[in-house]
Number of protein chains: 2
Amino acid sequence: MARLPEYLRALHSLAENGHETVSSEGLASAAGVNSAKLRKDLSQLGSYGTRGVGYDVGLLIEQIEYVLGLTQRRAVALVGVGNLGHALAGYDGFASRGFRIAALFDADSGRVGEEINGLVVRHVDELPRVAAEESIAIGVIATPAPAAQQVADQLVAVGVTSILNFAPCVLSVPAGVDVRKVDLAIELQILSFHEHRKASLTALPTTGGSALTALPGGLAVTESQEAIGT
Amino acid sequence: MARLPEYLRALHSLAENGHETVSSEGLASAAGVNSAKLRKDLSQLGSYGTRGVGYDVGLLIEQIEYVLGLTQRRAVALVGVGNLGHALAGYDGFASRGFRIAALFDADSGRVGEEINGLVVRHVDELPRVAAEESIAIGVIATPAPAAQQVADQLVAVGVTSILNFAPCVLSVPAGVDVRKVDLAIELQILSFHEHRKASLTALPTTGGSALTALPGGLAVTESQEAIGT
DNA sequence: AGGCGCTTGTGAAGACGTGCACAAATCGCG
DNA sequence: CGCGATTTGTGCACGTCTTCACAAGCGCCT
Ligand SMILES: NC(=O)c1ccc[n+]([C@@H]2O[C@H](COP(=O)([O-])OP(=O)(O)OC[C@H]3O[C@@H](n4cnc5c(N)ncnc54)[C@H](O)[C@@H]3O)[C@@H](O)[C@H]2O)c1
Ligand SMILES: NC(=O)c1ccc[n+]([C@@H]2O[C@H](COP(=O)([O-])OP(=O)(O)OC[C@H]3O[C@@H](n4cnc5c(N)ncnc54)[C@H](O)[C@@H]3O)[C@@H](O)[C@H]2O)c1
């Protein structure tokens, strides 16, 4: 389940605050989900809760980390050390959550050699050699969109089977390779959609607004917290 | 629907390449979705396709932009101009997709006054005044997690009803306020999970691996392209 | 004008996720 | 030792999303 990492973060936060056990209710509210959903998710991992008490925070962290494959610290290669790439390279949140940025790559020879956070930027042509040395598990693409497909192909060629893509484009990859995408403009547009919907609802509550905005069942947007109420 | 922005991006890309019409099949593959799903999504907006021909790219762009509320360029306030905030402030992908970064805020007085991309960083205390001037529609939080809730409260207080949160924590907001979250570590952990699953599947194909990794129906992870095959 | 190929729009079936509600289980306390 | 308070784990029902499959509609070519 995609919610496991969220639970894990909430658990770490609870552990830091000294909690040794949590009820499903408490963990659910900390993770921002329904308590029944949380229990169902956790029961999929096996029964690690005690009825009448709750879940052992430490044990649960261990179990979730095992299921997520975080027992081994995976090596991440970041390709494209531009505006966004710099921020990512300098981010310490990866290291603290089970990942190690193992290498930085860029195609711009002006950037090659630059040192960021103790890592030196290499030319993307060195990817095969470095991948062999470091056993890269995950590739992060932070290049402009036109270069993303090519970079993805290069990553796949050196054996990377998981890619996180920040470029606003769809990547085509062979079966067995997993791609996740983060597109900030899409997130903003979804928010804009809600703004638009909220505005047209309050503006014309009686007439119901124009035909386009007053859709039959309303448009559903999945993911994320949504507190559109009354 | 949360897929509309993806369609919009694909349409813009097609328009740049000179296409005047697209079939649902073509647009679907460009957006990385099923063609039936795409047709059903578009039919919700009204009938803007011609049977036997396809969809008019320009008209469809116009319609989707209207539904998403992109006809008005919304003002975005960015709070937290640190590592990530700098990258966001310098990103031109927002402007080209219907948004305008209207103001930058930070609590660190050392950063206040700094100019990024033509915008000067202001102190977060000025938020009420600036919000009144600029009519901020969307707030982006790029502060450390401990400060995120407080910033969210401040944003809500000045009338912001849509928040994009980069801090790894859940925000509690009143009903009517919409929050979307981007957590890169979670994305990586989901990829790690797939890596782990792939590894244990190939390692022990006959025994089926340990009880934890060989779960009843397999764990489903939503979102994103997944090409785990054969 | 008529037929043919192509594409949209949609009905229906199935898969999936969600949340309620409750039985089973455990702990603490008298 | 037993009882009640508390919390997990889960059966069930409901709503949503997805996908297939096909009729209806449109344009082009003869
Ligand atoms: N900056 C942001 O805040 C932000 C936000 C959302 C999305 N994005 C996306 O992230 C990507 C990068 O954004 P950015 O602002 O860092 O752009 P950028 O232009 O600052 O950086 C891109 C970097 O990629 C390098 N590059 C180009 N082609 C390459 C190749 N074939 N191999 C390796 N490296 C190559 C360039 O040399 C450059 O250093 C873009 O696709 C952008 O749309 C950025
Ligand atoms: N850098 C990344 O690539 C990255 C990636 C994923 C997530 N994040 C998250 O984004 C957030 C910011 O990351 P960062 O690397 O930019 O951190 P950072 O420490 O570089 O920047 C944080 C900025 O927020 C400012 N700030 C602190 N409290 C504030 C307040 N109350 N009001 C206004 N501004 C305040 C600080 O002065 C600082 O400038 C963090 O929550 C981090 O976990 C960052």
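Remember, predicted model here, so these are calculated numbers, not experimental data. To find a chain, count down the sequence lines: A is the first, B the second, and so on, and within it residues start at 1.
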Practice task
Write down the atom of V22(B), the atom of L27(B), and the distance for their closest heavy-atom approach.
Solution key: CG1-N, 3.6 Å
Do any side-chain atoms of residues 139-151 of chain B form donor-acceptor pairs under 3.5 angstrom with protein atoms, and if so which ones, sequence neighbours left out?
from    : atom 1 : to      : atom 2 : distance (Å)
Q149(B) : OE1    : S172(B) : N      : 2.9
Q149(B) : NE2    : D153(B) : OD1    : 2.9
Q149(B) : NE2    : S172(B) : O      : 3.0

Practice task
Would you mind reading off the distance between L60(B) atom CG and dT7(C) atom P, rounded to a whole angstrom?
Solution key: 16 Å
Completion exercise
Nearest heavy-atom contact between V57(B) and A15(B) is CG1-CB, 3.9 Å
Practice task
Return the value, rounded to whole Å, for the distance between atom CD of E25(B) and atom P of dG5(C).
Solution key: 19 Å
Problem - Where at least one partner belongs to residues 71-80 of chain A, residue pairs that pass side-chain hydrogen bond (donor to acceptor under 3.5 Å, both in side chains), sequence neighbours excluded - result: R74(A)-S192(B)
Practice task
Go through the structure and list residues passing salt bridge (Lys or Arg N to Asp or Glu O under 4.0 Å) with R100(A), not counting sequence neighbours.
Solution key: E134(A)
Handout entry: Phosphate OP1/OP2 of dT7(D): any Y48(A) side-chain N/O under 4.0 Å
Key = no
Exercise for the section: Find which nucleotide of DNA chain D each of G52(B) and V53(A) is nearest to by heavy atoms, and output the residue with the more 5' nucleotide. Expected result: V53(A)
Problem - Spacing between L38(A) atom CG and dT10(D) atom C1', to the nearest angstrom - result: 14 Å
Fill in the blank from the handout: note: M1(B), atom CE; dT16(D), atom P; distance rounded to Å ~ 11 Å
Fill in the blank from the handout: Per-nucleotide protein contact along nucleotides 10-15 of chain C, 5' to 3', at a 4.0 Å heavy-atom cut-off (B base, S sugar-phosphate only, - neither), is BBB---
Completion exercise
Contact check, residues 11-22 of chain B vs DNA chain D, heavy-atom distance under 4.0 Å, returns none
Practice task
Answer whether the closest heavy-atom distance between the side chains of I163(A) and I138(A) falls below 4.5 Å.
Solution key: no
Practice task
May I ask you to decide whether D183(A) forms a salt bridge with R97(B), counting only side-chain N to carboxylate O separations under 4.0 Å?
Solution key: yes
Fill in the blank from the handout: The answer to which of T50(A) and N34(A) contacts DNA chain C further toward the 5' end, by nearest nucleotide, is N34(A)
Problem - Separation of dT16(D) P from R3(B) CZ (nearest whole Å) - result: 15 Å
May I have the list of side-chain donor-acceptor pairs in residues 3-11 of chain B shorter than 3.5 Å, sequence neighbours left out?
from  : atom 1 : to      : atom 2 : distance (Å)
R3(B) : NE     : Y7(B)   : OH     : 3.3
R3(B) : NE     : D41(B)  : OD2    : 2.8
R3(B) : NH2    : D41(B)  : OD1    : 3.1
R3(B) : NH2    : D41(B)  : OD2    : 3.1
E6(B) : OE1    : K181(A) : NZ     : 2.2
E6(B) : OE2    : K181(A) : NZ     : 3.3
E6(B) : OE2    : R9(B)   : NE     : 3.3
E6(B) : OE2    : R9(B)   : NH2    : 2.5
Y7(B) : OH     : D41(B)  : OD2    : 2.6
R9(B) : NH1    : P168(A) : O      : 3.4

Practice task
Send over the distance from D41(B) CG to dT19(D) P, rounded to a whole Å.
Solution key: 11 Å
Problem - Protein-nucleotide distance (L45(B), atom CG; dT8(C), atom P), rounded to Å - result: 14 Å
Problem - Selected nucleotide, minimal atom distance to S23(B) side chain, candidates dG9(C), dT26(C), dT7(C) - result: dT7(C)
Exercise for the section: Could you tell me the separation between the NZ atom of K37(A) and the P atom of dT16(D), rounded to a whole number of Å? Expected result: 14 Å
Fill in the blank from the handout: Minimal heavy-atom distance between L60(B) and Y48(B), with the atoms involved, is CD1-CB, 4.2 Å
